[in-house]
Protein chains: 4
Amino acid sequence: MANKAAPDSSRRSERSRRAIFDAALTLVGEVGYDKLTIEGIASRAGVGKQTIYRWWPSKAAVLLDAFTEGVDEYEGLPDTGDLAADLKFVLRATADEFNDPAFQAPYRALAAAGANDEELSRTFLARLMEPGTRVYVDRLRAAQETGEVAADIDVRIAVEMLLSPFSQRWLMRTGELTYDFVDTLVDQVLRGVRPRG
Amino acid sequence: MANKAAPDSSRRSERSRRAIFDAALTLVGEVGYDKLTIEGIASRAGVGKQTIYRWWPSKAAVLLDAFTEGVDEYEGLPDTGDLAADLKFVLRATADEFNDPAFQAPYRALAAAGANDEELSRTFLARLMEPGTRVYVDRLRAAQETGEVAADIDVRIAVEMLLSPFSQRWLMRTGELTYDFVDTLVDQVLRGVRPRG
Amino acid sequence: MANKAAPDSSRRSERSRRAIFDAALTLVGEVGYDKLTIEGIASRAGVGKQTIYRWWPSKAAVLLDAFTEGVDEYEGLPDTGDLAADLKFVLRATADEFNDPAFQAPYRALAAAGANDEELSRTFLARLMEPGTRVYVDRLRAAQETGEVAADIDVRIAVEMLLSPFSQRWLMRTGELTYDFVDTLVDQVLRGVRPRG
Amino acid sequence: MANKAAPDSSRRSERSRRAIFDAALTLVGEVGYDKLTIEGIASRAGVGKQTIYRWWPSKAAVLLDAFTEGVDEYEGLPDTGDLAADLKFVLRATADEFNDPAFQAPYRALAAAGANDEELSRTFLARLMEPGTRVYVDRLRAAQETGEVAADIDVRIAVEMLLSPFSQRWLMRTGELTYDFVDTLVDQVLRGVRPRG
DNA sequence: ACCTAAACGAGACGGTACGTCATGTCTTTTT
DNA sequence: AAAAAGACATGACGTACCGTCTCGTTTAGGT
């Protein structure tokens with residue numbers, strides 16, 4: 001993703017843009033989302049407030065862009081032929097990522113802000129969640145064709161059964177994201193998804 | 001729940017307490033959580049600001065109490081012997097509830113506030129989510145004893161496979177909460193949970 | 001004048017009011033009227049901006065009150081029987097006052113602000129200029145009765161002939177306010193005002 | 001005056017210069033001096049801000065030039081032999097001019113700005129006030145030679161006795177500039193200035 | 001007729017101050 | 001003693017201008 005997010009104007013200062021992103025991400029980690037202020041970002045970035053207001057409508061939008069900037073293109077899931085192993089491998093890696101404190105503050109803040117702001121939510125989903133989800137859908141559909149997954153399964157919902165418990169635990173702090181949890185989750189989901197017989 | 005939230009002090013004005021709850025719930029619907037203010041609540045309720053600060057530490061706490069006040073005791077799930085039917089029945093009812101606009105604003109606001117505030121999150125979970133979750137866990141455990149559910153299933157995770165996709169869709173607006181969705185979800189979860197044979 | 005300017009409200013903080021006046025007068029001397037800011041006054045006075053905005057509509061109004069607070073009741077002119085001597089005595093004293101740097105900044109600022117703000121101008125005139133003018137008018141009228149001043153003289157205009165050149169020199173910096181100037185001015189005005197014959 | 005204010009550079013755009021003057025004079029009438037902004041002038045004139053900053057140091061300077069541009073060369077006072085008549089004639093004309101609304105806003109603004117800005121004040125006096133004053137001084141001196149005015153009169157101060165009450169009334173709004181006022185003023189000043197007999 | 005350097009329009013930039021709003025604390029008066 | 005009312009110091013909001021600084025684009029002269 002990112003790095004093609006060309007400035008909206010040829011006049012725009014790339015230097016300021018970067019400084020704002022850095023400041024926003026640093027500050028959200030230091031003081032939390034609620035105490036993150038546009039003034040704080042501006043002053044930390046050595047930038048006039050207007051420069052932020054000129055290009056973003058809200059602190060959430062700044063944070064979203066800042067966060068997006070740092071996220072790499074999503075690659076497809078591995079396909080070793082062993083569906084369970086593939087899913088466990090990727091979900092374990094994702095668990096590691098979500099357990100990284102530097103990642104938590106901005107992502108959690110954005111998810112929460114999205115709950116109250118439908119517009120922001122749409123962008124958040126389209127830019128961060130949807131691409132992440134699609135690779136799972138694709139992998140399961142592939143598995144459906146090889147017969148690893150039953151034909152009458154609703155793949156989208158199967159993916160939700162896999163990813164939502166994961167996201168929910170993390171977002172609402174209802175549980176730890178351990179490898180054990182991930183493995184059991186994958187196993188129980190696949191159990192319901194495999195062809196019977 | 002509710003109705004045991006006795007005044008903390010005999011001196012406390014019940015009338016003010018109700019007025020504050022009413023104002024908070026009305027306002028969160030009207031202006032949204034971010035623009036909900038203590039001053040606004042106080043003035044709408046015809047109450048001094050101090051009366052709010054005296055009894056609650058934050059607007060989130062007010063809202064949580066206000067919301068809790070209106071929620072009824074959770075009853076156990078029905079047990080007709082048909083697990084799928086029981087789950088679909090209750091989840092459909094819950095979908096109706098979550099689709100009610102009056103319910104959405106405060107609940108969504110609390111869920112989001114919880115994401116950024118660990119302390120609030122704990123209360124939110126303990127007061128609203130945990131009781132709701134437990135009845136499912138209980139019902140599945142009962143089913144495990146009758147053999148409807150395999151013995152080696154992690155019931156807690158099974159419940160998450162059922163409820164998280166539901167919550168997630170609603171909270172993040174990733175999809176509609178239709179009866180179709182609920183039914184398919186229940187079916188696919190149970191498929192993975194039933195004893196093999 | 002002043003010292004009866006009771007707080008507009010029993011709740012009002014006298015301490016803040018004084019601090020604001022002190023800060024305003026000090027600052028207008030230090031940085032000049034144009035660079036005098038509400039924010040600067042508030043911060044120097046150790047007071048919230050709102051406390052200023054609550055009680056005054058503009059920095060000019062603050063300054064006017066601050067200045068007024070320090071000005072004493074105007075007393076009548078002396079009447080030694082020698083009109084010229086009396087006028088010279090008082091005008092010389094006034095010249096000294098107007099040559100005092102601490103007095104200049106706020107007074108000049110107010111006079112200038114009044115030129116562009118009709119509302120402010122009215123208060124400025126009523127509170128500061130009119131009382132100062134009246135004592136001259138009274139003295140001349142008294143002189144008219146003793147026959148020192150001709151009966152057909154327009155006393156108001158005579159006073160303007162005396163005071164306006166004085167004010168104008170000072171305000172527009174068109175000349176110095178020396179004792180010589182004052183004496184000559186009094187002499188030439190009285191020459192035109194005395195009964196002929 | 002005017003029409004010799006040649007462009008400082010041959011490259012300079014006459015068109016922009018005029019547009020800036022027009023905009024400045026129009027705007028000062030519309031919004032007043034305090035709310036007159038460089039940005040506003042530039043945008044109204046269809047000109048870049050830099051074009052203003054390139055040629056003038058402040059909005060006061062722009063306004064002063066704009067105003068000066070429209071003022072004609074001062075001519076000497078008429079000398080019909082009747083000093084009182086000559087003075088009344090010219091002062092009445094000046095009263096008409098000062099009562100013209102289009103004239104008031106910029107002139108008042110400049111006078112006020114001059115009170116707080118010594119540098120500006122000097123230019124304002126030299127360009128607008130001094131030439132206006134000199135013609136009166138000249139006329140009175142001529143009268144002194146013909147014996148219409150006593151030899152021991154300080155002519156400069158006599159002129160101030162004539163013009164300052166006039167300016168002061170207008171600038172501070174302490175009175176109307178009527179023909180009656182002008183006539184009485186001239187009469188009372190001349191009374192004090194004529195040789196005694 | 002071309003070339004070049006200035007002046008130009010546009011407008012982004014780092015700042016300062018604006019006037020408003022809400023915070024959480026406090027004091028005064030009423031119930 | 002709790003409550004309504006509301007002043008207070010604090011601090012962020014989002015806006016308006018400041019004066020400086022590039023950007024292309026006219027537009028005069030000088031060649």
Side-chain angles (χ1 to χ4, degrees), chain A residues 7-17 19 34-43 45-55 57-59, chain B residues 7-13 15-17 19 35-43 45-55 57-59, chain C residues 7-17 19 35-43 45-55 57-59, chain D residues 7-17 19 35-43 45-55 57-59:
Chain A
D8 309 330
S9 154
S10 59
R11 289 258 205 276
R12 185 164 182 186
S13 161
E14 181 60 15
R15 151 190 264 284
S16 296
R17 199 171 133 275
D34 282 346
K35 292 190 176 160
L36 180 69
T37 64
I38 299 269
E39 278 199 343
I41 297 172
S43 119
V47 136
K49 275 200 290 179
Q50 202 58 43
T51 301
I52 298 183
Y53 285 111
R54 191 157 22 234
W55 303 110
S58 66
K59 67 176 179 177
Chain B
D8 309 326
S9 152
S10 56
R11 291 279 209 216
R12 185 164 182 185
S13 159
R15 150 193 261 287
S16 295
R17 198 169 134 276
K35 291 190 177 161
L36 179 68
T37 65
I38 300 269
E39 285 204 335
I41 297 172
S43 117
V47 137
K49 278 201 291 178
Q50 202 54 245
T51 302
I52 298 183
Y53 283 112
R54 190 157 23 232
W55 303 107
S58 68
K59 69 175 177 177
Chain C
D8 308 329
S9 152
S10 58
R11 291 258 207 273
R12 184 164 183 186
S13 160
E14 181 60 15
R15 149 191 264 286
S16 296
R17 198 170 134 275
K35 292 190 177 162
L36 180 68
T37 64
I38 299 269
E39 220 151 57
I41 298 172
S43 119
V47 137
K49 277 201 288 179
Q50 201 59 41
T51 300
I52 297 183
Y53 283 111
R54 186 152 32 229
W55 304 108
S58 67
K59 67 176 178 177
Chain D
D8 308 330
S9 153
S10 56
R11 290 270 211 246
R12 184 165 181 184
S13 161
E14 180 60 12
R15 151 192 261 285
S16 295
R17 198 170 135 275
K35 292 190 176 161
L36 180 68
T37 65
I38 300 269
E39 221 150 53
I41 297 172
S43 120
V47 137
K49 278 201 292 177
Q50 202 55 245
T51 302
I52 298 183
Y53 283 110
R54 190 159 23 235
W55 304 108
S58 67
K59 68 174 178 178

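So you know, we letter chains A, B, ... as the sequences are listed, proteins then strands, and number each from 1.
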Residues which pass side-chain hydrogen bond (donor to acceptor under 3.5 Å, both in side chains) with K49(B), listed by chain and number, not counting sequence neighbours: E39(B)
For S16(A), side-chain hydrogen bond (donor to acceptor under 3.5 Å, both in side chains) partners two or more places apart: S13(A)
Please give, in whole Å, the distance from [N] [atom2] to [X] [atom1]?
X	N	atom1	atom2	result
I52(B)	dT25(E)	CD1	C1'	15 Å
I41(D)	dG19(F)	CD1	C1'	14 Å
R17(D)	dA7(E)	CZ	C1'	15 Å
R54(D)	dG9(E)	CZ	C1'	10 Å

Of the candidate nucleotides dA17(E), dA2(F), dC8(E), which contains the atom at the shortest distance from the side chain of R12(D)? dC8(E)
Among the nucleotides dC13(F), dA22(E), dA17(E), whichever has the atom closest to the side chain of E39(B) is dA22(E)
Minimum heavy-atom distance A45(D)-A19(D), with the two atoms named: CB-O, 3.5 Å
Heavy atoms of K59(D) and L36(D) approach each other most closely as NZ-O, 3.1 Å
Which part of the nucleic acid, if any, lies within reach of G40(B) when heavy atoms closer than 4.0 Å are counted: base, sugar-phosphate only, or nothing? nothing
Closest-nucleotide 5' rank along DNA chain E - winner of R15(A) and T37(C): R15(A)
OP1, OP2 of dG9(E) versus side-chain N and O of S16(D): anything below 4.0 Å? yes
I want to check one thing: is the phosphate of dA6(E), taken as OP1 and OP2, less than 4.0 Å away from some side-chain N or O of W55(D)? no
Residue mapping more 5' on DNA chain F - nearest nucleotide basis, V47(C) or T51(B): T51(B)
More 5' along DNA chain F: K35(D) or I38(A), using each one's nearest nucleotide? I38(A)
Is the charged tip of R12(D) near the ring of W55(D): under 6.0 Å from the six-membered ring centre and within 45° of its axis? yes
In B/S/- notation (B base, S sugar-phosphate only, - none; protein heavy atoms under 4.0 Å), nucleotides 20-31 of chain F written 5' to 3' is BB-B----BS--
Can you tell me if R15(A) has over 12 outside heavy atoms packed within less than 6.0 Å of its CZ? no
